[in-house]
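Let me begin by presenting the structure, written as structure tokens, before commenting on it.
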Amino acid sequence: MESGSTRAAYHVQSLERGLAVIKAFGAGTPQLTLSDVAKATGLTRAAARRFLLTLADLGYVRAEGRYFRLTARVLELGYAYLSSLPLSDVVQPHLERLSAEVHESSSVSVLDGTDIVYVARVAVSRIMTVSIDVGTRFPAHATSMGHVLLAGLGEDELAAYLDEATFERRTERTITSASDLRAELDRVREQGWALVDQELEEGLRSVAVPLHDRDGKVVAAVNLSTHASRTTSETVLTELLPRLRRTAERIEADLSVAVGARVS
């Protein structure tokens with residue numbers, strides 16, 4: 001180990017050395033002897049042995065004869081980072097990849113009262129008269145992500161929403177009654193996606209799918225939005241929806257890891 005550099009007073013050298021022992025293992029060195037670890041870290045054999053045995057006691061390393069291997073428990077160190085990220089940070093790279101693939105704007109939102117609230121977004125073009133940023137709110141009844149989020153509610157939660165919602169008419173196509181919305185939500189729940197065709201704003205088409213937690217509960221929605229002048233409803237469903245679904249699966253996998261780290 002390097003010792004020439006000046007360390008701050010708070011520096012804990014034993015922690016540094018313990019991490020060095022863990023990092024000595026890698027794809028090309030999945031198993032190491034005591035001598036290998038000492039050589040890779042610059043530690044004495046006695047010090048390397050103490051660190052390896054301590055890591056073994058903690059469950060991060062296991063001994064196999066004269067060799068040592070990391071265990072799956074070291075993944076917790078990475079999970080801790082992922083679990084500390086807010087939803088927006090987890091989904092943002094996925095939205096960027098999706099938008100780059102299809103050249104359309106993508107977003108993630110959550111339900112707050114009778115509105116959806118944007119928590120992440122990648123815009124590739126301006127297709128609405130209003131600017132959409134993180135924190136922007138729209139009425140749930142007029143949006144694809146709103147339909148997905150409402151379809152994921154339990155009966156009591158949905159009834160409470162319907163009692164509170166005002167069903168503002170945004171365009172001639174906007175759903176403006178509780179009965180019509182219930183019928184649409186039944187379809188969304190059965191098919192697993194929602195297509196909203198110019199219900200929020202003229203010329204705007206969007207498709208959304210749910211994001212589930214590990215227990216299958218809908219916790220957010222992700223969508224793609226496009227302008228009706230360049231993308232038909234059929235194209236949205238045949239070309240955009242499959243890519244959106246694959247992105248949702250990848251996001252759910254990351255969210256599952258994050259939640260798993262919190263409860264483990």
Side-chain angles (χ1 to χ4, degrees), residues 1-101 106 108 110 119-122 134 211-217 219-220 222 243 245-264:
M1 300 268 311
E2 295 182 3
S3 59
S5 57
T6 302
R7 301 296 191 185
Y10 56 77
H11 187 80
V12 182
Q13 192 175 54
S14 59
L15 175 59
E16 178 188 13
R17 289 175 172 175
L19 292 173
V21 170
I22 291 176
K23 290 191 293 184
F25 296 88
T29 55
Q31 61 179 18
L32 297 170
T33 65
L34 174 59
S35 296
D36 293 333
V37 173
K39 182 178 179 179
T41 60
L43 295 170
T44 65
R45 282 175 53 87
R49 180 176 182 276
R50 288 197 301 272
F51 282 108
L52 285 168
L53 293 179
T54 299
L55 289 169
D57 287 344
L58 294 173
Y60 293 111
V61 168
R62 72 171 179 269
E64 297 178 347
R66 55 191 292 265
Y67 288 97
F68 293 87
R69 283 181 174 272
L70 296 181
T71 71
R73 190 166 188 177
V74 297
L75 295 175
E76 294 177 354
L77 303 175
Y79 290 168
Y81 164 71
L82 186 56
S83 66
S84 70
L85 295 177
L87 174 64
S88 58
D89 286 350
V90 174
V91 304
Q92 192 70 28
H94 295 284
L95 297 187
E96 291 171 358
R97 175 181 175 181
L98 175 62
S99 290
E101 288 179 353
S106 59
V108 168
V110 296
V119 297
R121 178 166 170 80
V122 173
V134 172
L211 295 176
H212 301 88
D213 64 14
R214 297 176 71 184
D215 298 321
K217 180 181 179 181
V219 293
V222 56
R243 293 173 184 250
R245 280 177 152 165
R246 287 195 292 271
T247 296
E249 291 173 357
R250 289 192 287 265
I251 292 174
E252 287 177 344
D254 278 0
L255 292 176
S256 178
V257 167
V259 173
R262 292 190 184 104
V263 301
S264 62

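In this structure Thr54 satisfies the side chain to side chain donor-acceptor pair (under 3.5 Å) test with no other residue, sequence neighbours excluded. Residues meeting the side chain to side chain donor-acceptor pair (under 3.5 Å) test with Ser14, sequence neighbours left out: none. Not a single side chain to side chain donor-acceptor pair (under 3.5 Å) links Gln92 to another residue, sequence neighbours left out. Listed by chain and residue number, nothing satisfies the salt bridge (charged side-chain N to carboxylate O under 4.0 Å, His left out) test with Glu96 (two or more places apart in sequence, or in another chain). Every residue was checked against the side chain to side chain donor-acceptor pair (under 3.5 Å) condition with Arg246, not counting sequence neighbours, and none meets it.
Side-chain atoms of Asp215 never come within 3.5 Å of backbone atoms of Lys217 as a donor-acceptor pair (strictly under, hydrogens ignored). Judged purely by atom type and a 3.5 angstrom limit, Ser106 uses its side chain to pair as donor or acceptor with the backbone of Leu95. Of the possible donor and acceptor atoms, one in the side chain of Glu252 sits under 3.5 Å from a partner among the backbone N and O of His212. Within the 3.5 Å criterion, the main-chain N or O of His94 finds no donor-acceptor partner in the side chain of Thr247.
Between Val222 and Ala248 the shortest heavy-atom distance is CG1-CB, 4.1 Å.
A 4.5 Å side-chain heavy-atom check between Val21 and Leu52 finds at least one atom pair inside the cut-off. At a threshold of 4.5 Å between non-hydrogen side-chain atoms, the residues Leu32 and Phe68 do not count as touching. Annotation: side chain of Val110 is not in contact with side chain of Val219 (no heavy-atom distance under 4.5 Å).
Checking Ser35 against Arg45 by side-chain atom types alone, a donor-acceptor pair falls below 3.5 Å.
In summary, Arg245 and Glu249 do not engage in a salt bridge, as defined by a charged side-chain N under 4.0 Å from a carboxylate O.
For residues 57-68, every residue pair satisfying the salt bridge (Lys or Arg N to Asp or Glu O under 4.0 Å) rule, not counting sequence neighbours, is listed here: Arg62-Glu64, Glu64-Arg69.
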